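This is a predicted model, so every value here is computed, not measured.
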Amino acid sequence: MDKIIIFDTTLRDGEQAPGASLNKKEKLEIAEQLVHLGVDVIEAGFPIASKGDFDAVKLVASKIKGVTICGLARSLKKDIDAAYGAVKVAKSNARIHVFLATSKIHMRYKLKKAENEILRLATEAVRYAKKKVKDVQFSPEDASRSDPKFLYRIIERVINEGATTINIPDTVGYADPQEFGSLIRGIKENVLNIDKAIIAVHCHNDLGLAVANSLSAVKNGARQVECTINGIGERAGNASMEEIIMAVKTRKDIFANITSSIKTKEIHKTSRLVSRLTGFVVAPNKAIVGLNAFRHESGIHQDGILKERRTYEIIRPQDVGFMESGIVLGKHSGRHAFSARLKSLGIKLSQKELNSAFEKFKVLADKKKTVYDEDLFSIVEEEIKITPKVWQLVDFQVNCGTGIIPQVKIRLKSKGKFYTRKSSGDGPVDACYKAIEKIVGIKARLLDYHIDSVTSGKDALGEVSVKMISKGKSVVGRGASTDIIEASVKAYIEAINKIKEGIRQ
Ligand code: KIV
Ligand code: ZN
């Protein structure tokens, strides 16, 4: 069996997605879940990019054990020093990922350098990185648009300098699967010392081909795949990890000898976490992790599924962590049933969190006839939020309707003191947000507001996600309730608390 190394770049390329910004605690929370998921390498960030990025990579490198922690660097000493400074606490698990563009268009217009100069810079950078860590990865950026002969030369040189992984990026998502597979095969066949390194691939999704290109590369000899959860990343994103893993697992006939260490039952939970913390909503029709990925609407399909599941289902939802959709709990369920269900969903809570989550469950079960697993995830996520609750909602009243200006009175609590304000607005949510702003005195701009229903039905929980920007930093807040105004208020307060936390750091 051949194992593919799963290199997760959600915290680096994923975080480069426009509007996705994670603070260091959020990065650590995602990294912890990535370990549960079973990834081999976590690219935790680009340490030279900012102090925040440096600190986040260092935090992940110091807390996360048992996987390789990687920091990205351009082929410059100062970048390599920063990457080393951030990952060195991971000791033998530290990796430095050096990159330099090799395509004509990048060399000519971006770098303004000739091939020989690029060769020199790449070899010097890898040599320098190798003095610091034994695990050095090199990426010829825009490899899929580079001259293959030049690629062979540069790859051979950097391997001679000690690069142990050679990553071939399709930086702008331009490649076609067959062509990309041939490129990998060409590297395997033409680079003399290629047996001293692992071939990796890193595909972007500009033409929607990132997963197809990655799989074609695996068929042609790549043994590390770089990917992100939910496929987030620059522009149209990166190859989605869950799709690659499930394609390899589902098509055993094609990928006969390929395995990975991913625990697929953790996929759904990881996807939800990344979506919640980045504020990037997963499209309902997204393969593997979308809400509709395992729903069958048409009568013919439902009939087929009832007769034999495999007629219309190629993956069992449970295998990727979706639970059987059925009634799980209701208002008569007790604490024991509640905690047993959480346990079977793989959710671990402290006694205090469990007590508080159970209270919330009881309130919800009184409003909703049936409480589904998705509702439980939502309740629990509220409990385990890592943001300090500087401001908390006490209560609010809204008066709105056709032809009247919405009016709201809202009461918040902070450090034991109560604060009440009234406001009007364009709508009830706007009025609430204005009243909250009057209380907390923070100037922030609302970039995005999103509402989703957690399950179906009139009594479903509404989940609101807001993205706000204050002093150039964007934060995401999330709130859930059967009352969508309350969910909107909770989401706004969580974002405000994150801004407050950022100010204190
Ligand atoms: O897309 C790309 O080329 C990259 C490199 C830094 C690997 O992200
Ligand atoms: Zn990339």
Side-chain angles (χ1 to χ4, degrees), residues 1-15 22 24-47 53-73 83-98 129 132-139 163-167 197-202 214 218 222-230 232-233 238-242 244-245 248-249 258-271 273-274 277-278 321 346 348:
M1 278 296 207
D2 256 357
K3 184 184 151 169
I4 37 169
I5 297 165
I6 298 298
F7 178 109
D8 180 275
T9 184
T10 306
L11 301 181
R12 199 278 297 171
D13 218 330
E15 209 226 3
L22 298 163
K24 61 183 185 189
K25 281 194 199 164
E26 291 168 334
K27 282 194 166 191
L28 182 61
E29 196 180 345
I30 292 178
E32 281 164 353
Q33 179 54 31
L34 290 173
V35 174
H36 291 140
L37 180 64
V39 307
D40 303 285
V41 186
I42 296 177
E43 185 165 54
F46 190 9
D53 234 23
F54 180 92
D55 291 346
V57 178
K58 195 167 172 183
L59 181 69
V60 170
S62 62
K63 300 271 185 210
I64 298 293
K65 306 284 169 224
V67 300
T68 301
I69 307 296
C70 178
L72 182 68
Y84 178 60
V87 297
K88 67 180 175 201
V89 278
K91 300 203 173 105
S92 59
N93 285 333
R95 176 180 294 189
I96 297 178
H97 175 188
V98 180
K132 298 182 181 290
V133 292
K134 64 174 185 358
D135 188 349
V136 176
Q137 167 167 329
F138 177 76
S139 293
T164 40
T165 302
I166 299 297
N167 176 41
I198 302 275
I199 302 179
V201 286
H202 173 112
S214 307
V218 169
R223 285 297 173 266
Q224 174 177 294
V225 176
E226 306 205 354
C227 43
T228 60
I229 302 296
N230 300 336
I232 63 169
N238 288 61
S240 134
M241 183 199 299
E242 57 279 7
I244 290 173
I245 293 297
V248 169
K249 207 176 150 138
I258 304 292
T259 58
S260 83
S261 49
I262 295 297
K263 298 182 194 81
T264 61
K265 284 194 160 58
E266 292 288 322
I267 285 178
H268 178 48
K269 202 162 139 201
T270 317
S271 161
L273 178 70
V274 170
L277 295 182
T278 57
K348 290 188 199 97

Going by atom types alone, do S261 and D40 pair a side-chain donor with an acceptor below 3.5 Å?
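S261 vs D40: donor-acceptor pair found between side chains.
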Looking only at side chains, do Q137 and E43 share a donor and an acceptor under 3.5 Å apart?
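Absent: no donor and acceptor within the cut-off.
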Can a donor-acceptor pair be found, under 3.5 Å and without considering hydrogens, that links the side chain of [X] to the backbone of [Y]?
X    : Y    : value
T278 : V274 : yes
E242 : I229 : no
K27  : V60  : no
T228 : S240 : no

Can you tell me how far SG of C227 sits from CG of D8, rounded to the nearest 0.5 angstrom?
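Answer rounded to 0.5 Å: 6.0 Å.
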Within the 4.5 Å heavy-atom criterion, are [X] and [Y] side-chain neighbours or not?
X    : Y    : answer
V87  : R95  : no
I258 : R223 : yes
I245 : S260 : yes

Evaluate whether atom NZ of K3 has more than 12 neighbouring non-hydrogen atoms of other residues, nucleotides or ligands under 6.0 angstrom away.
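Yes, NZ of K3 has more than 12 neighbouring heavy atoms, counting only those of other groups under 6.0 Å.
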So does K91 have more than 12 non-hydrogen atoms from other groups sitting under 6.0 Å from NZ?
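No.
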Work out which heavy atom in E226 is nearest to a heavy atom in A200; give both atom names and the distance.
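The pair with the smallest heavy-atom distance is OE2-CB, 4.3 Å.
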